[in-house]
Number of protein chains: 2
Amino acid sequence: MYRLDIAEVADRSGYAPSTLRYYEKRGLIASDGRHGLRRQYDDSVLTRLGLIALGQTAGFSLDQIAQFMEPNGESFQLDRDDLHNQADKLHRKAKELAATAHLLEHIAKCTAPSHMGCPRFRKLLKDALNARGSSHT
Amino acid sequence: MYRLDIAEVADRSGYAPSTLRYYEKRGLIASDGRHGLRRQYDDSVLTRLGLIALGQTAGFSLDQIAQFMEPNGESFQLDRDDLHNQADKLHRKAKELAATAHLLEHIAKCTAPSHMGCPRFRKLLKDALNARGSSHT
DNA sequence: GTTTGACCTAAAGCTGACTTCAAGTTGCAC
DNA sequence: GTGCAACTTGAAGTCAGCTTTAGGTCAAAC
């Protein structure tokens, strides 16, 4: 239970002080006291920030992350269904990105004199539009 | 060389009319004439929109996409290095997402009474912060 | 006791990709 | 010739997640 002031938290977490204040406004973290005007934190804030960072890389919004976390301390509530859903989403997104990457590589390698001369490329163009169209329905 | 009015282009491309006007302002597409006030398009605009959609799923910004495309018609310039770079980026991003997905699944499955009781989880929290820190350098 | 530098606040600004708004114009059906 | 739906315009608004700005306050070093 060390006390840290905002500059230390910023250093150790990699989050800018302005971000820490912003997170406080959003209810994601809480300072527990002041030294003069300066916010002081309990070192458990670093755990919370770790959770936030994790949530962010997992693609959750700050609002969602706020909901997972208990108002104080290091504990939090993760719904297993939410986790599976998000994992699915990430897996799908990962596959989509990998597919697109392969596509870009094909375009780079393709020796047709003009890209439009490559039938595979023309099909890809159509698919790109169709993917848009169907995602609306 | 069919002429299409904006509503048809919107229907066939899946892009909203407001988006088409926006793209025109950004220089991504061009209308070639009016019927009254209404924009008319050559059907090559659909190819261009296909390219735009493709570029978007590949993670390029509208500005980047604009640079690839010749001012008019269906042709465009894709730098092979750019393509490889972007493909690399996408591959890396895909891996990162997949890793995060696995992580979420572990959290969902982990039977430790509290998440903080799981050593693997505590390590993940640290890593999440460290990943942030090091990406700044 | 004054300077300094790091913090404080509320509010506004930023980015990217659009959408929405208010007010105006048009072609076409009746 | 009148109504109306679908377009037109420029400007402003939206979203998320921050950062920046302007003006203020404070603890500690000198």
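Lettering of chains follows the sequences in order, A, B, ..., and the numbering in each one begins at 1. Below, all heavy atoms of this structure are taken into account, side chains as well, without hydrogens, waters or symmetry copies. Because the structure is a prediction, the values reported are computed rather than measured.
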> Taking for each residue the nucleotide of DNA chain D bearing the nearest heavy atom, is the 5' side occupied by Lys25(B) or by Ile6(B)?
Replying inline: Ile6(B)
> Can you check whether Phe76(A) and Phe121(B) have ring centres sitting under 6.0 Å from each other?
Replying inline: yes
> With no hydrogens and no angle check, is any side-chain donor or acceptor of Ser13(B) less than 3.5 Å from a backbone partner on Val9(B)?
Replying inline: yes
> Could you run down nucleotides 16-30 of chain D 5' to 3' and tag each one B, S or - for protein heavy-atom contact under 4.0 Å?
Replying inline: -BBBB---BBSSS--
> Distance only, no hydrogens: is a donor on one side chain within 3.5 Å (strictly under) of an acceptor on the other, for Asp63(B) and Ser61(B)?
Replying inline: no
>> Determine whether Asp43(A) and Arg12(A) satisfy the following criterion, salt bridge (charged side-chain N to carboxylate O under 4.0 Å, His left out), listing intermediate values before the conclusion.
In response: CA-CA 10 Å; Asp43(A) 61 0; Arg12(A) 292 174 55 172; 6.0 Å; no
> Counting only heavy atoms not in Arg120(A), do more than 12 sit closer than 6.0 Å to its CZ atom?
Replying inline: no
>> In this structure, how many angstroms lie between the C1' atom of dA17(C) and the CD atom of Gln64(B), rounded?
In response: 14 Å
> Is the distance from OP1 or OP2 of dA6(D) to the nearest side-chain N or O of Arg39(B) less than 4.0 Å?
Replying inline: no
> Roughly how many Å is it from CG in Leu20(B) to C1' in dA17(C), rounded to a whole number?
Replying inline: 14 Å
>> With a cut-off of less than 4.0 Å, is there a side-chain N or O of Arg34(A) near OP1 or OP2 of dT9(C)?
In response: yes
> Taking side chain as C-beta onward, heavy atoms only, is Leu97(B) less than 4.5 Å from His91(A)?
Replying inline: no
> Asp5(B) CG to dT26(C) P: how many Å, rounded?
Replying inline: 16 Å
> How close or far is atom P of dA17(C) from atom CG of Leu49(B), stated in whole angstroms?
Replying inline: 15 Å
>> Could you check whether any side-chain N or O of Gln86(A) sits under 3.5 Å from a backbone N or O of Ala58(A), counting only pairs where one atom can act as donor and the other as acceptor?
In response: yes
> Do Glu24(A) and Ser31(A) have a side chain donor and acceptor closer than 3.5 Å?
Replying inline: yes
> What residues, two or more places apart in sequence or in another chain, satisfy salt bridge (charged side-chain N to carboxylate O under 4.0 Å, His left out) together with Asp11(B)?
Replying inline: none
>> Please give me every residue in residues 91-100 of chain B whose heavy atoms get under 4.0 Å of an atom in DNA chain D, ordered by residue number.
In response: none
> Taking atom C1' of dA17(C) as reference, at what distance in whole Å does atom CD1 of Ile65(B) sit?
Replying inline: 11 Å
